[in-house]
Amino acid sequence: MNVFADFHAALSTALSALVAEGKLPDGLDLSRAVVEPPRDPSHGDLSTNAALVLAKGAGAKPRDVAMLLVGKLAVDPRVESADIAGPGFVNLRLRAGVWRELVRAVLNLGAAYGESRAGNARPVNVEYVSANPTGPMHVGHCRGAVVGDALAALLEKTGFSVTREYYINDAGAQVDTLARSVHLRYREALGENIGTIPEGLYPGAYLVPVGKALAQQHGGKFRDAPEDEWLATFREFAISAMMDLIREDLDALGVRHQVFTSERTNIVGQGRVDEAIERLKLRDLVYTGVLEPPKGMKPDDWEPRPQLLFRATQFGDDVDRPLRKSDGSWTYFAADMAYHLDKYRRGFVRLIDIWGADHGGYIKRVDAAVKALSEGRATFEVKLCQMVNLMDRGEPVKMSKRSGNFVTLRDVVDEVGADVVRFVMLTRKQDQHLDFDYAKVREQSKDNPVFYVQYAHARHRSAFRQAAQTFPGADFSDAALAAADLERIADADELALLRQISGFPRLLEAAADAGEPHRVAFWLYDLASAFHQLWTRGNHDAALRFVVPDDQDLTRTRLALVRAVGITVAAGLGILGVRPAEEMR
RNA sequence: GGGCCCAUAGCUCAGUUGGAUAGAGCACGGGAUUUCUAAUCCCGCGGUCGCAGGUUCGAAUCCUGCUGGGCUCGCCA
């Protein structure tokens, strides 16, 4: 149920009727018309700019077109009044019955409230996290993980067929470094004193158990062996151990990917890069050439050299991009290109990647690659996440990457809990810097949006606990509430709350469309605020309380409303991956 | 220097894809409690939407140019 969508359809019907009556010309386009709640509630429940949009094509004044539309809409049984305002807005006020029926709809839908088919089951691939398999996840990975996961849930809720995917960057030099670091830990496990870890190797203690496991498995046979005898074995083992670590970390945050694609085994090893490049060669999009130095900034060691290049400039990029390193192996980009082709071949026509802001300069070339390889049939979007500043009581938390002494994702999750981490990560638009303050996010007050929203949910439960005490044995199940007498929802604030709830499906579609899950968090804050307001009115005026001791029917009616709020809050939190609180004492 | 992102109240930020008088929270001032958990709520104060042009019925939102900040710039992933 989405009143805004319903009335967009009603506009369409009205327009057709007016065309049939010869009052408006055929072929007018309503796609730019929106039905939305007016900023100022005194203007009505719904507002549309349809007349303003249609006026030009109709060759009429906006207010005249508005008059025609009002004539049609005013006879709709749901409409109490329709009038024209300003330059030609049509404002509608709906009968209270529309809002009351919403309660029943929400109760019947339960957790499914807000779902829509806007996505039309189109297959979408959301790739996020994709942290390098060289160690546990650090706090910087949190945001991308949460944003990607929430976005995936949002797209699912709005009717897309979503796959959550992780790309394992296990083909480059860094996994060789990982293998060498592990070899050192292996020698250590065999009793050798390895001293300090040399510069250039990974120093973190998380590799100690990996070395031990290898020592147990292989004994001393690789202790003094040349590197080429053990490198591949150690690398495979280490990568797998690191991915186990990462999966555990993600699990602690409640993030689960359905597909893990390995650059080494699934892309490079399967010859996918060669295939992708062949595909481009057929269309003359690959050549050997010499790049110009970057404009206005020539690196010191610049020397012209011929390289295998992709004609990215034909697809909107600034320069053509190298595909092969001088040692003959593929560049990261070449493999990434093949990987995105692989996604397209698996049936995805909408590819979304969540990246850190430091990769912004990489967007154009991947976009060019997707355009070229899918021949324009797939869309590629990147959601860039800005940095998170870890703070405590307003002071930055010090981190030293060099010693391997960074704050891990696990540290943060263990400290404040996954629910808090997830919600806070979504309290800013993703392309804005975000401060994550340990002290602040644990604060239990309205200053902390996590608790404010959680408290609203807990309070709705509290009203039910109260009702159960007041009316022992009474049936306040969702089914019983759906049968309540909704006519008794009469207070203006109660109806206003319902209007707000009616905006949920519309909000989700807009957020999914924009790829901005943070909007859900902000919307929930506003809903919580409206609910707290109504609750407080009950504190001041006993007649407005949800539980009315001498009127069980009225209590049932009001609990139906309260339940609709609770269902909506829980549904919204569900998209963010946050568990709603039952009580907060 | 090239490219990308950002700039909204004293502070931290939203702004429904171009709509009507730009909104929250914090801070500051005042008020509500024998409570369905006051972990809450109400009132007030606070704005040249970085600057200058342009597009149109209408711009914080789109375009151009400035100013200031961040990220990035041929085989690191």
Side-chain angles (χ1 to χ4, degrees), chain A residues 32 34 36-40 43 47 49 52 55-56 61-62 85-89 91 130 132 134 169 171-174 263 290-299 302-305 307 309 317-333 335-336 356-364 384 386-387 427-429 431-433 435 443-449 451-452 454-455 458-459 462-467 469-470 503 506-507 510-511 513-514 518-519 522-523 525-526 529 532-540 542 545-549 555 558 562 583-585:
Chain A
R32 277 186 50 236
V34 294
E36 57 188 0
R39 282 241 171 82
D40 185 345
H43 290 149
S47 173
N49 60 351
L52 295 163
K56 204 168 204 172
K61 288 185 191 151
F89 291 102
N91 292 333
S130 298
N132 297 331
T134 56
N169 302 141
Q174 58 179 355
E263 178 183 1
V290 179
L291 287 178
E292 298 284 312
K295 281 181 187 162
M297 193 202 79
K298 190 167 179 171
W302 180 272
E303 48 186 69
R305 51 181 163 238
Q307 291 171 293
L309 300 169
D317 200 357
D318 308 311
V319 286
D320 292 339
R321 300 294 179 178
L323 296 170
R324 214 188 267 284
K325 303 181 196 173
S326 49
D327 69 357
S329 64
W330 299 116
T331 58
Y332 180 80
F333 173 59
D336 208 16
D358 53 341
H359 290 76
Y362 193 72
I363 297 176
K364 279 189 183 176
L384 284 186
Q386 271 294 350
M387 279 187 49
T427 53
R428 287 281 178 283
K429 202 149 82 179
D431 57 9
Q432 295 278 357
H433 286 269
D435 289 343
E443 198 172 300
Q444 308 209 346
S445 75
K446 63 177 295 195
D447 303 358
N448 182 352
F451 280 87
Y452 190 74
Q454 288 282 31
Y455 186 40
R459 269 185 154 176
S462 171
F464 277 85
R465 287 190 288 269
Q466 182 70 29
Q469 271 189 8
T470 309
R506 180 173 185 273
L507 162 92
D513 200 39
H518 75 279
R519 292 192 194 185
F522 280 90
W523 190 86
Y525 184 89
D526 288 342
S529 176
H532 287 312
Q533 236 173 85
L534 195 57
W535 184 289
T536 303
R537 283 189 63 199
N539 284 343
H540 296 155
R545 293 187 185 176
F546 303 131
V547 178
V548 189
T555 298
R558 290 190 174 163
V562 169
E583 63 178 329
M584 306 184 78
R585 285 200 183 268

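Chain naming here is simple, since letters A, B, ... match the order of the sequence lines and numbering starts at 1 in each. If you're wondering where the values come from, they're calculated on a predicted model, not measured in any experiment.
In this structure, G1(B) forms a base pair with C73(B), meeting either the Watson-Crick or the G-U wobble geometry with both donor-acceptor distances under 3.5 Å. The partner of A52(B) is U64(B), by the rule that a Watson-Crick or G-U pair needs both atom distances under 3.5 Å. The partner of C41(B) is G31(B), judged by Watson-Crick or G-U wobble contacts that both fall below 3.5 Å. C13(B) is paired with G23(B) under the Watson-Crick or G-U wobble criterion, all donor-acceptor distances under 3.5 Å.
Residue Lys325(A) has a polar side-chain atom (N or O) positioned under 4.0 Å from OP1 or OP2 of A77(B). Distances shorter than 4.0 Å separate none of the side-chain N or O atoms of His540(A) from OP1 or OP2 on G31(B). When the side-chain nitrogen and oxygen atoms of Gln533(A) are compared with OP1 and OP2 of C42(B), one or more of them lie within a distance under 4.0 Å. Taking only side-chain nitrogens and oxygens, Lys364(A) never comes nearer than 4.0 Å to OP1 or OP2 of U72(B). Here Gln432(A) does not reach the OP1 or OP2 of U12(B): none of its side-chain N or O atoms lies under 4.0 Å away.
Spacing of P atoms, A59(B) relative to U12(B), comes out at 29 Å, to the nearest Å. G54(B) and C42(B): their P atoms are spaced 43 Å apart (whole Å). The P atoms of G25(B) and G19(B) are separated by 23 Å, rounded to the nearest whole Å. On the P atoms, C66(B) is 10 Å away from G3(B), given to the nearest whole Å. A gap of 34 Å separates the C1' atoms of G58(B) and C26(B), to the nearest Å. When the P atom is compared between A24(B) and G47(B), the two are found 15 Å apart, to the nearest whole Å. Using atom P as the reference point in both U61(B) and A20(B), the two lie 13 Å apart (nearest Å). Straight-line distance between the P atoms of U72(B) and U8(B): roughly 23 Å, to the nearest whole Å.
A donor N or O paired with an acceptor N or O is not found under 3.5 Å between the base of A77(B) and the side-chain atoms of Asp358(A). With hydrogens and angles ignored, a donor-acceptor pair closer than 3.5 Å exists between the side chain of Arg506(A) and the base of U16(B). The base of A32(B) lies outside donor-acceptor range of the side chain of Thr536(A), with no N or O pair under 3.5 Å.
Within 4.0 Å of Ala357(A), counting heavy atoms only, lie sugar-phosphate atoms of the nucleic acid but no base atom. Nucleic acid contact for Phe451(A): none, since no nucleic acid atom lies under 4.0 Å from a heavy atom of the residue. Within the nucleic acid shown, Tyr362(A) comes within 4.0 Å of at least one base atom, counting heavy atoms only. Asp513(A) comes within 4.0 angstrom of a base, heavy atoms only. Within 4.0 Å of Ser47(A), counting heavy atoms only, lies at least one base atom of the nucleic acid. Among the protein residues, Asn91(A) comes within range of the nucleic acid bases, having at least one heavy atom under 4.0 Å from a base atom. Counting any heavy atom pair closer than 4.0 Å across all strands shown, Asn132(A) reaches sugar-phosphate atoms only and no base atom. Among the protein residues, Pro87(A) comes within range of the nucleic acid bases, having at least one heavy atom under 4.0 Å from a base atom. Residue Ala173(A) is in sugar-phosphate contact alone, with no base atom involved, counting any heavy-atom pair closer than 4.0 Å across all strands shown. Contact annotation for Gly172(A): backbone-only contact, meaning every heavy-atom pair under 4.0 Å involves sugar-phosphate atoms and none involves a base. Nucleic acid contact class of Ser462(A) (heavy atoms, under 4.0 Å, all strands): base. Nucleic acid contact class of His359(A) (heavy atoms, under 4.0 Å, all strands): base.
Between Arg32(A) atom CZ and C62(B) atom C1' the separation is 12 Å, expressed in whole Å. Distance CD (Gln386(A)) to C1' (C4(B)): 11 Å, rounded to an integer number of Å. Rounded to whole Å, the distance from NZ on Lys61(A) to P on G58(B) is 16 Å.
Here G3(B) is the nucleotide among G3(B), U16(B), A77(B) with the atom lying nearest to any side-chain atom of Asp318(A). In this structure, of C5(B), G74(B), G2(B), it is G74(B) that holds the atom nearest to the side chain of Leu291(A). In this structure, of C13(B), G2(B), C41(B), it is G2(B) that holds the atom nearest to the side chain of Lys295(A). Of the candidate nucleotides A39(B), A14(B), G74(B), G74(B) has the atom lying nearest to any side-chain atom of Trp302(A). Relative to the side chain of Glu303(A), the nucleotides G74(B), A77(B), G19(B) differ in distance, and G74(B) lies closest. For Arg428(A), the listed nucleotide lying nearest its side chain is U12(B); candidates were C6(B), A77(B), U12(B). Of the listed nucleotides (U40(B), G15(B), A20(B)), U40(B) has the atom at the smallest distance from the side chain of Tyr452(A). The side chain of Gln307(A) lies closest to G74(B) when the candidates are G74(B), G70(B), A77(B).
Atom CZ of Phe464(A) sits about 15.5 Å away from atom CZ of Arg459(A), to the nearest 0.5 Å.
Between Asn169(A) and Tyr332(A) the shortest side-chain heavy-atom distance falls below 4.5 Å.
Within 6.0 Å of CZ on Arg465(A) lie more than 12 heavy atoms contributed by other residues, nucleotides or ligands.
Nearest-nucleotide mapping onto RNA chain B: of Arg324(A) and Met584(A), the residue sitting toward the 5' end is Met584(A). Comparing Ala171(A) and Tyr455(A) by the nucleotide of RNA chain B whose heavy atom lies nearest to each, the residue mapping closer to the 5' end is Tyr455(A).
Taking the six-membered ring where tryptophan is involved, the planes of Tyr362(A) and Phe333(A) are perpendicular, since the angle between them exceeds 60° and thus also 30°.
For the pair Ser329(A) (side chain) and Lys325(A) (backbone), a donor-acceptor distance under 3.5 Å is absent. A donor-acceptor pair under 3.5 Å links the side-chain atoms of Thr536(A) to the main chain of His532(A), judged by distance alone.
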